[in-house]
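Here the structure is laid out as structure tokens; the discussion comes afterwards.
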Amino acid sequence: MVFPYVKALRKSPVEIGNAIGNYLVANTSTVSSFNVVQGFLNISIADSAWVDLFTSIFKDKTFGQLPDKNEVVMVEYSSPNTNKPLHLGHLRNNFLGFSVSQILAANGYKVVKTNLVNDRGIHICKSMLAYQKFGNGETPESSGLKGDHLVGKYYVEFDKHYKVEIEALKSTGLSEEDAKKQAPLLLEAQEMLLKWENGDTETVNLWKQMNEWVFAGFGQTYEKMGVSFDKIYRESETYLLGKKFVEEGLKSGVFFQKEDNSVWIDLTEEGLDQKLVLRKDGTSVYITQDMGTAELKYNDFKMSKSVYVVGNEQDYHFEVLFKIIKKLGRPYSEGNYHLSYGMVDLPSGKMKSREGTVVDADDLMQEMTDTARERTLELGKTEGFSQAEANELYHTLAMGALKYFLLKVDPKKRMLFNPEESIDFQGHTGTFIQFAHARICSILRKAHEKGIIGKTTDYHVLHEAEREVIYLLSQYPQIVADAGRELSPALISQYAYDLAKAYSRFYNEINIFNEPDKNAQQFRVAFSGIVGETIQKAMSLLGIKVPSRM
RNA sequence: GGUUCCGUAGCUCAGCUGGAUAGAGCAACAGAUUUCUAAUCUGUGGGUCACAGGUUCGAAUCCUGUCGGGAUCACCA
């Protein structure tokens, strides 16, 4: 593009283009020819330069792993409630969080993955109360239910009975609002929360028991999802933190106290509202806890950056939290980032756990695995697989399709999940990329059998598809850097697809083992190997495994 | 109502730090397998980039406004 020079040089675009083009062809070996069209200078890169570029990638043993930054960055994600099982929305959160962690690690950061579990509060008491009343001592063993599903069942149970009570109260002439506040079940739940906070033995024991069940259930689900954490924080352990900042902030004038003793911060100058940080009874609210937890996390890990993977309904909360931290002048004032993602919608609208329109994470993963099995039995090349290997493949394919589906979309956009059409295994999918990898592995196996060693050679007459693939390969480190800066797995997803697609074209158009030129053959084996490795690396940044056969 | 995110092909999405004829996949249609895995490849049709102004040699991209949709604006978490 030569427009920027037109004004400065007072010459026509064509003249300038020709001048630059002639210079490049005469003075470099990289450019073989050029033409100028409508103010754009198009240059052709010599095949020797393409091969050189490939060779530098081929020899780089740590290709795609960026230099060590010697900085710790924390990624907090998942953040489940212990009163109900994980659903589709959590899948997006967990896959995003895990992928972002991988991407940051590839960018040279030391990454700490954390999970802040919401294991206390009135909502937890609701399922505890319902269990106490209607549970009849049921356990995961006796019911055959996963722990989290068992507890979730009683959360729904609570709501059912609660609604009946509300209706009953309304029929006595109470307004809906009052009925909701006065329903006996709710009052009991509130009482239970008080008991819990006062350390009542019976309540705490029930809480511990039910939590244990839930954590066992979550553990299985996390295992299936392929995500993990370096450190788990529980709100039951952090909810009292943060009050000392209120005192400090009051002294320094960051906060102010109203007549009823409640404490506030005034953010009107920043274009926000006044925000409560301590109730009039002196107890913490959500944001007080988060101030305390931020301090705790910093003391534990001294990270320079902190990423919170939380849904966009909390945009305002994090905006306020980060501003407060800054006003308090904490050492972790900078580098806080809310990775805000959109909801996953169903064709019927929003997911609502109480109305049964929620897509359960365990169910969905199981359905995907079943579908993967059917398709593999129909299409796959799995001769000689043991049952265990076959099951692992089904799981790999299922999770690949599911993760890719959720990660290929820009995180901040809300997205649509259609259970009827379900998730595809064809086209722009994780399966497509996995398939490209499996094919490459097949080629490498065959090359090995034939004793062909992949290496760079003086093969110098490249096919267009080969140039395209080499170009994409060379872009990989830049894509990793971009994805790290933007915290966007979608960039990696798109890249992996582009690479797999370009290779598929090469695969269909160019034969390797019937190629008479030995140089070309060896080059293409090496070339396929690097593409396979790069696909594997890119997919691992998404948390997706790639099979060697499928 | 205030704030904020979004609006691109029938559908799901890329492209957005300004550049050429706006790209993929799905769906539809037409082809490709005696040859390395056809979960693949090639081609055809499909667009007022929500709308209107502005900035610029040049706008899907930047600015302003309008319309439409979501989220949020709790002494819940």
Side-chain angles (χ1 to χ4, degrees), chain A residues 1-4 6-7 13 37-40 42 79 81 118 120-124 235 239 258 260-264 271-273 275-290 311-317 319-320 340-343 345 347 349-350 372 375-376 378-382 397 401 405 408-410 412-418 421 423-436 438-447 449-450 465 482 490-491 493-494 497-498 500-501 503-515 524-525 528 549-550:
Chain A
M1 209 235 312
V2 298
F3 287 115
V6 171
K7 268 189 181 170
V37 182
Q38 291 178 18
F40 290 86
N42 299 309
S79 322
N81 285 335
N118 184 343
R120 63 161 287 282
I122 188 73
H123 50 294
I124 310 295
E235 279 193 21
Y239 82 107
K258 292 196 175 174
D260 63 2
N261 283 332
S262 59
V263 181
W264 297 72
L272 303 176
D273 296 325
K275 182 84 184 172
L276 178 94
V277 294
L278 202 65
R279 293 191 189 103
K280 65 184 169 196
D281 62 8
T283 54
S284 301
V285 291
Y286 183 32
I287 204 148
T288 329
Q289 286 179 44
D290 268 5
N312 65 5
E313 72 272 18
Q314 296 200 30
D315 284 355
Y316 182 68
H317 171 76
E319 202 180 344
V320 171
S340 159
Y341 64 91
M343 298 290 106
D345 287 321
K350 233 185 130 170
R375 292 196 68 94
T376 303
E378 196 181 320
L379 302 164
K381 303 273 190 292
T382 52
L397 294 176
F405 180 83
K408 74 173 174 182
V409 181
D410 182 345
K412 70 176 179 243
K413 291 191 179 175
R414 49 204 310 248
M415 62 182 296
L416 187 74
F417 175 75
N418 189 336
E421 293 172 15
I423 291 167
D424 246 318
F425 289 83
Q426 281 175 347
H428 186 180
T429 63
T431 315
F432 172 86
I433 301 166
Q434 290 174 321
F435 182 67
R439 269 173 161 178
I440 288 171
C441 289
S442 175
I443 282 178
L444 297 179
R445 282 192 295 270
K446 186 155 183 177
E449 280 170 26
K450 287 174 176 281
D482 290 347
L491 295 177
S493 308
Q494 189 65 42
Y497 176 69
D498 289 342
K501 191 169 166 58
Y503 184 83
S504 290
R505 194 177 141 221
F506 159 84
Y507 180 91
N508 272 273
E509 291 180 8
I510 300 166
N511 199 293
I512 296 178
F513 298 114
N514 289 345
E515 168 67 51
R524 286 173 190 164
V525 168
S528 298
R549 289 174 207 267
M550 64 186 274

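Residue numbers begin at 1 in each chain, while the letters A, B, ... track the order of the sequences.
Remark: the separation of the C1' atoms in B/A60 and B/A77 is 40 Å, to the nearest Å. The gap from the P atom of B/U35 to that of B/G47 amounts to 40 Å, rounded to the nearest Å. As rounded to the nearest Å, B/C11 and B/C73 have P atoms that lie 32 Å from one another. Comparing the P positions of B/U48 and B/G43 gives a spacing of 24 Å, expressed to the nearest Å. Separation of the C1' atoms belonging to B/U66 and B/A30 is 45 Å when rounded to the nearest angstrom. Taking the P atom of each, B/U17 and B/U61 are spaced 11 Å apart, rounded to whole Å. Taking the C1' atoms as reference points, B/A59 lies 10 Å from B/G19, given to the whole Å.
Within a 6.0 Å radius of NZ in A/K280, other residues, nucleotides and ligands contribute 12 heavy atoms or fewer.
Comparing A/E235 and A/A438, the nucleotide of RNA chain B nearest to each residue sits closer to the 5' end for A/A438. Comparing A/T429 and A/K446 along RNA chain B, the residue whose closest nucleotide (by nearest heavy atom) sits nearer the 5' end is A/T429.
Both thresholds, 5.5 Å between centres and 30° between ring planes, are met by A/F40 relative to the base of B/A20, so the two rings are stacked.
Residue A/N42 is classed as a base contact, given a heavy-atom separation below 4.0 Å to a base. Contact annotation for A/S528: no contact, since no heavy-atom pair falls under 4.0 Å across all strands. Nucleic acid contact for A/K381: base, since at least one base atom lies under 4.0 Å from a heavy atom of the residue. A/K280 comes within 4.0 angstrom of a nucleotide base, judged by non-hydrogen atoms across all strands. A/Y507 comes within 4.0 angstrom of a nucleotide base, judged by non-hydrogen atoms across all strands. Residue contacts for A/L397: at a heavy-atom cut-off of 4.0 Å it reaches a base atom on one of the strands shown. Residue contacts for A/Q289: at a heavy-atom cut-off of 4.0 Å it reaches the sugar-phosphate backbone alone, with no base atom in range. Using a 4.0 Å heavy-atom cutoff across all strands shown, A/I510 reaches at least one base atom of the nucleic acid.
Straight-line distance from the CD atom of A/Q494 to the P atom of B/G15: 7 Å, rounded to whole Å.
Taking only side-chain atoms of A/F435, from C-beta outward, the nucleotide of B/U40, B/A77, B/C13 with the closest atom is B/U40. If you check B/C75, B/C5, B/C13 against the side chain of A/L416, the one that comes closest is B/C13. For A/D410, the listed nucleotide lying nearest its side chain is B/A14; candidates were B/A77, B/A14, B/U37. Considering only the side chain of A/F432, B/U40 comes nearest among B/U35, B/U40, B/A77. Set against B/A39, B/U37, B/C76, the side chain of A/R279 has B/C76 as its closest nucleotide. When distances are taken from the side chain of A/Q314 to each of B/U37, B/A77, B/C75, the shortest belongs to B/A77. Residue A/Q426 has its side chain nearest to B/A39 when only B/C6, B/U72, B/A39 are considered. In the set B/U40, B/U42, B/G7, B/G7 carries the atom at the smallest distance from any side-chain atom of A/K413. When distances are taken from the side chain of A/S262 to each of B/C75, B/A71, B/G7, the shortest belongs to B/C75. Residue A/V409 has its side chain nearest to B/C13 when only B/A77, B/G70, B/C13 are considered.
Geometrically, A/K408 does not engage A/Y497 in a cation-pi contact, judged by NZ or CZ lying under 6.0 Å from the ring centre and within 45° of the ring axis.
Checking the phosphate oxygens (OP1, OP2) of B/C36, no side-chain nitrogen or oxygen of A/R524 falls inside 4.0 Å. In this structure, A/K501 does not reach the B/U40 phosphate: none of its side-chain N or O atoms is under 4.0 Å from OP1 or OP2.
For the atom pair A/F405 CZ and A/T431 OG1, the distance stands at 12.0 Å (nearest 0.5 Å).
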Trace of the side chain to side chain contact (heavy atoms under 4.5 Å, CB included) decision for A/K446 with A/I512: CA-CA 10 Å; A/K446 186 155 183 177; A/I512 296 178; over 6 Å; no

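With A/S442 contributing its side chain and A/A438 its backbone, the two residues share no donor-acceptor pair below 3.5 Å. Panel note: side chain A/R279, backbone A/S262; no donor-acceptor pair is recorded below 3.5 Å.
A/N511 contributes a side-chain N or O that forms a donor-acceptor pair with the base of B/U35 under 3.5 Å. The base of B/U35 sits within donor-acceptor range of the side chain of A/N514, with an N or O pair under 3.5 Å.
At a threshold of 4.5 Å between non-hydrogen side-chain atoms, the residues A/N118 and A/H123 count as touching.
Base pairing annotation: B/U72 forms a Watson-Crick or G-U wobble pair with B/G2, both donor-acceptor distances under 3.5 Å.
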